[in-house]
Amino acid sequence: MEQFEMLKALAETNVESFMFYILATISILLAYGVILDRTIIRSGFILIGVFGSICGLFLLLQAQFLALAQLMIYAVGITLVIVIALMLTNPRMEKSQLSTAAPANQLGAFMVAVGLFMTIYLSVRPENWTLSSEPLDMNNVQVLGRALTTDYSLPFEFASVLLLAALIGAVMLAKAEKPPKPGEEDFEYSVVEDSAAEPVASKR
Amino acid sequence: MTSSVATKSQSPVQAMSYALAYAIAVCFVVGAYATGNLDNFVSMTGLSSVLESWALKDYTELLAFVLIVLLGSTVALLGGQTSIIMAVGTVGSFFALTLNQHPLIQYLSLAAVLFAIGLYGMVVSRNAVRVLMAIELMLNAVNINLVAFARYVDPVQVKGQLFAIFVITVAAAEAAVGLAIVLSIYRNTSTVDMERFNLLKW
């Protein structure tokens, strides 16, 4: 009973950390859902949940602008693009008939992931951070906007150039090619089944 | 390896009940750590001198983590459902590792967990689109880091949020180009299986 009281006190100490743990649990579980769900279209939609809970974390960290940008760009934009790509590459939306990776690979990947987490945790854990106890500025969107147009205007412009280049590149890559004229022979590279096989030249 | 073999030979109900038992065990371990019973246990059994000799004196939570991992691998070998065990163990060890820490370390640990999950998913999954999803997950984990730094280390100039904006920009560009590449590969090879993308093999 005493321990239960202690746990209750622990939960009541800080609403912020209570909310943090709820959002963190949701995001971890949904992240597992994204990578382990057998139906890939469903994991595409679970991704919205992960991004939504991370948006909540940003709100807890008082980054209002980034929270809304997260919602607009990730939860709507990128997820939409991913779902459309899923529909185009997996038209009948069947359960992914791909087998999972070999168990040895899975074990190795799990080991590497745990090792990575432990390395980061042990290097982050010592409490010699130079923390600032100042509260965050109320209108930090203003601070962000001013910094983006003065100190960081060059990276800002480069970001727009990058987005333009990526846009054009994506359109060029994904554009359907013209069907070849009938009777014209051309090479089609099919999947090479074994290393000895040559690229197959076939008539369309 | 053994776990997957064992799962096939047992009924799903049994695998599920193993996973549930593991969840309850993890709750007990985290509860024991949160209420300080684990600390008492450590000092009682003389394990604290061992921890001290490894220069890990204040790191009792590592003991809880090791306990959770050992329990998890045992249950997985016995034939529990691996995915549920992994999820429960991750959440439990995240709680055990961060309960008594500064908020900054909590956020950094959450980001590390999400990054590790993304890495695992990127290696394990064989669908190219799912690999891209895992990469988006990893980029988001990095964003959590940056925003936490902006909140707790640099609250005046919020440079972390600025860099998070640039990360989001690059992530959007990456998603567009990556999915376009996946689409054009799919058009040429009629598959999105990572193992069959061997056009560059010689």
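Within every chain, numbering begins at 1; the chains are lettered A, B, ... in the order of the sequence lines, protein sequences first and strands thereafter.
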Practice problem: Under 4.5 Å heavy-atom distance to chain B, tell me which part of A/V34 shows up: side chain, backbone, both or neither. | Solution: both

Self-check item: Heavy-atom contact with chain B under 4.5 Å, split by part of A/F65
Solution: side chain

Quiz item: Any side-chain heavy atom of B/L179 sitting closer than 4.5 Å to one from A/I84?
Solution: no

Self-check item: Portion of A/I120 that has a non-hydrogen atom of chain B nearer than 4.5 angstrom
Solution: side chain

Quiz prompt | Aromatic plane relationship, B/F163 with A/Y152 - under 30° parallel, 30 to 60° tilted, over 60° perpendicular | solution = perpendicular

Exercise. Tell me, for A/V143 versus chain B, whether the close heavy atoms (under 4.5 Å) come from the side chain, the backbone, both or neither.
Key: side chain

Quiz item: Going from CD1 on B/I165 to CZ on A/F156, what distance comes out if it is rounded to the nearest 0.5 angstrom?
Solution: 8.0 Å

Quiz item: At a heavy-atom separation under 4.5 Å, does A/I82 approach chain B through its side chain, its backbone, both, or neither?
Solution: both

Practice problem: Determine the option with the most heavy-atom pairs under 4.5 angstrom with chain A, choosing from B/V156, B/I181, B/I105. | Solution: B/I105

Quiz prompt | CG-OG distance between B/N140 and A/S53, expressed to the nearest 0.5 angstrom | solution = 9.0 Å

Exercise. Let me know if B/L119 has heavy atoms under 4.5 Å from chain A in its side chain, its backbone, both or neither.
Key: side chain

Quiz prompt | 4.5 Å side-chain heavy-atom contact, B/P103 and A/E16 | solution = no

Quiz item: Non-hydrogen atoms of chain A under 4.5 Å away: do they reach the side chain of B/L104, the backbone, both or neither?
Solution: side chain

Quiz item: Taking side chain as C-beta onward, heavy atoms only, is B/L183 less than 4.5 Å from A/L173?
Solution: no

Self-check item: Inter-residue atom distance A/Y121.OH - B/T98.OG1, 0.5 Å rounding
Solution: 7.0 Å

Quiz item: B/F65 versus chain A, heavy atoms under 4.5 Å apart: side chain, backbone, both or neither?
Solution: side chain

Self-check item: Side chain, backbone, both or neither of A/L36 within contact of chain B (heavy atoms, under 4.5 Å)
Solution: both

Practice problem: Can you establish whether the number of heavy atoms outside B/R187 located under 6.0 Å from its atom CZ is more than 12? | Solution: yes

Quiz item: Which answer fits A/I54, side chain, backbone, both or neither, if we ask what part of it has an atom under 4.5 Å from a heavy atom of chain B?
Solution: side chain

Quiz item: Between A/M172 and chain B, which part of the residue has a heavy atom less than 4.5 Å away: side chain, backbone, both or neither?
Solution: neither

